[in-house]
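Got a structure here, written out as C-alpha cells. Questions coming.
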2 protein chains.
Amino acid sequence: MELLFFAYRDFIAEPDAMLAELGFGRAHHRILHFIGRHPGLRVSELLAILRITKQSLGRVLRELIDRGYVMQEEGASDRRQRLLHLTPKGRELLERLEVPQIARVAMALKRAGPDARKTFAETLLGLVDPKERQRVVALCGLGAGADAEE
Amino acid sequence: MELLFFAYRDFIAEPDAMLAELGFGRAHHRILHFIGRHPGLRVSELLAILRITKQSLGRVLRELIDRGYVMQEEGASDRRQRLLHLTPKGRELLERLEVPQIARVAMALKRAGPDARKTFAETLLGLVDPKERQRVVALCGLGAGADAEE
DNA sequence: GGAAATACGTCAGCCATATTGACATATTTT
DNA sequence: AAAATATGTCAATATGGCTGACGTATTTCC
C-alpha cells in the first residue's frame with residue numbers, strides 16, 4: 001500500500017513540474033490524456049471517467065480550449081454534443097508530458113521481469129471497482145492479448 | 001498509465017468516504033498511515049516522505065492531535081524532536097480505514113495469479129525514483145523475501 | 001406541435017490542501 | 001556564545017474539488 005503511494009507520487013512528479021511552468025496543473029494533464037487517447041470524447045463521458053462535476057471540469061477545460069490545446073466539434077448525429085479533440089499544440093504538449101512517464105513504466109516493467117506487464121496490468125485492474133472493470137478494460141483498450149502501450 | 005489512474009482512484013475512494021464523515025480528508029489518512037507503520041516517526045521524516053511543507057503538515061497534524069488521534073513524545077536523545085505515535089483511537093481509525101483497502105489488494109493479487117505480489121511490488125518499486133528506492137524499501141520493510149503486508 | 005428530457009455551459013460561494021515567506025522557540029552542536 | 005537544527009505558527013495565495021441554481025440548444029416523446 002505504501003508502495004502504491006510512492007509509485008504514484010513519483011510517477012506524477014515529472015509532468016507536474018512541466019505543467020506548473022505553463023500555469024497548468026495535474027487536472028489539465030488528465031484531461032489532455034483522456035482526450036488524446038479517445039478523440040471525439042463527449043463531455044459527459046469525460047466527466048464519468050474523471051468522476052468530477054461539470055463545474056470542476058468546466059474551468060479547466062475552458063483554459064485548455066482558450067489557450068488552444070483542445071478543440072470542440074459539434075456532434076454529427078446529435079448537435080448538442082461537444083466532441084473533444086486535441087489540437088496539434090495539445091498533442092505536442094501531451095507527448096512531451098508523457099515521454100518521461102512512458103520511459104519510467106517501460107523501465108519498471110523491464111526491471112520486474114518478462115511477464116511483468118501482464119501481471120501488473122491484471123493486478124491494477126483488480127484494484128478497480130468490479131463494476132467499473134468492464135468499462136475500464138474497454139477504455140484502456142486491453143483487448144484479449146493485453147499488449148501495446150503501458 | 002490509464003490503469004494506474006483508475007486503480008489509484010478506486011483504491012482511495014472508500015477511505016475517503018469514511019474520512020469525509022469525520023471531517024477529515026485524504027491528508028489525514030496519509031499521516032495516520034505513516035505514523036501507524038512507523039511509530040516514533042519524527043516530523044522531519046514525515047515531511048520528507050509526504051513531500052509537503054511543514055506548514056501544510058502543520059494544520060492537518062494539529063487537527064489529528066487536538067482530536068486525540070495522534071500523540072507527540074519528546075525525543076529521548078534529542079529533546080527538540082517530537083516523535084509521533086497513534087493513540088488507541090488513532091489506531092482504531094486507521095484500522096477501519098484500511099480494512100477495505102487491504103481486502104482490495106488481497107483480491108487483486110489473488111486474481112492476478114500466484115506470484116503477482118512479487119511482480120507487482122517490483123514494478124511499483126521500479127516506478128519510484130531510483131534515488132529514492134533504497135529509502136522506500138527500508139520504509140516499506142521489503143526485506144529479502146518481500147513478504148507480509150501489501 | 002408542444003412538453004419533457006438531455007447535453008452542455010456558467011455564475012457564485014465554499015472547502016481542503018497545497019504553496020511561499022517570515023518569524024519564534026527550544027535545543028543541540030561547534 | 002554563536003550557529004545550526006527541529007519544530008511550530010502567522011499570513012497570504014493558488015488549485016482543484018464541491019453544491020446549488022440557472023440558462024440554452026437540441027432531441028425525444030406523447
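As the structure is a prediction and not an experimental result, all values here were calculated from the model. Every chain is numbered from 1 and lettered A, B, ... according to where its sequence line falls, protein lines coming before strand lines.
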Legend entry - Side chains of B:Leu94 and B:Arg91 in contact at under 4.5 Å (non-hydrogen atoms): no

Legend entry - 5'-most by nearest nucleotide on DNA chain D - A:Arg79 or A:Gly23: A:Gly23

Inset, instruction - Name the closest nucleotide to the A:Val43 side chain, picking from D:dA4, D:dT19, C:dG9. - result: C:dG9

Inset, instruction - Determine the contact category for A:Ser56: base if any of its heavy atoms lies under 4.0 Å from a base atom, sugar-phosphate if only primed atoms, P, OP1 or OP2 are that close, otherwise nothing. - result: base

Legend entry - Distance test, side-chain N/O of A:Ser44 to OP1/OP2 of C:dT6, below 4.0 Å: no

Legend entry - base_contact_polar (C:dG9 base, A:Gln55 side chain, donor-acceptor, <3.5 Å): no

Inset, instruction - Pick base, sugar-phosphate or nothing for A:Glu63, based on heavy-atom distances below 4.0 Å to the nucleic acid. - result: nothing

Inset, instruction - Could you check how far CG of A:Asp16 sits from C1' of D:dT15, rounded to whole Å? - result: 11 Å

Inset, instruction - Assign B:Glu45 to base, sugar-phosphate, or nothing according to its heavy-atom contacts below 4.0 angstrom with the strands shown. - result: nothing

Legend entry - Crowding at CD, A:Glu74 (>12 non-hydrogen neighbours, <6.0 Å): yes

Inset, instruction - Look at the aromatic rings of B:Tyr8 and B:Phe11 and report parallel, tilted or perpendicular, splitting at 30° and 60°. - result: tilted

Inset, instruction - For B:Arg59, report the nucleic acid contact type (base, sugar-phosphate, nothing); a contact means any heavy atom under 4.0 Å. - result: base

Inset, instruction - Indicate if B:Leu46 and B:Met71 have the same hydrophobic cluster label, given that clusters are the connected sets of ILVMFWY residues with side-chain heavy-atom separations under 4.5 angstrom. - result: no

Inset, instruction - Using atom CG of A:Asp78 as one end and atom C1' of C:dA5 as the other, report the distance to the nearest whole Å. - result: 12 Å

Inset, instruction - Answer with yes or no whether B:Arg80 presents, from its side chain, a donor or acceptor under 3.5 Å of a partner atom in the base of D:dT7. - result: no

Legend entry - Separation of atom CZ in A:Arg82 from atom P in D:dT24, rounded to whole Å: 14 Å

Inset, instruction - Could you check whether B:Thr53 gets within reach of a base, just the sugar-phosphate, or nothing at all, counting any heavy atom under 4.0 Å? - result: base

Inset, instruction - Mind telling me whether A:Tyr69 and A:Phe24 have parallel, tilted or perpendicular rings, with 30° and 60° as the class edges? - result: perpendicular

Legend entry - Closest to side chain of A:Arg62, choosing from D:dT7, C:dT10, D:dT26: C:dT10

Inset, instruction - Could you state the atom-to-atom distance from CD of A:Gln72 to P of D:dT26 in whole Å? - result: 14 Å

Inset, instruction - Determine: side-chain N/O of B:Gln81 to OP1/OP2 of D:dT5, distance under 4.0 Å, yes or no. - result: no

Inset, instruction - Would you indicate what A:Gly25 reaches in the nucleic acid, counting non-hydrogen atoms under 4.0 angstrom: base, sugar-phosphate, or nothing? - result: sugar-phosphate

Inset, instruction - Calculate the interatomic distance between B:Leu57 atom CG and C:dT17 atom P; express it in whole Å. - result: 12 Å

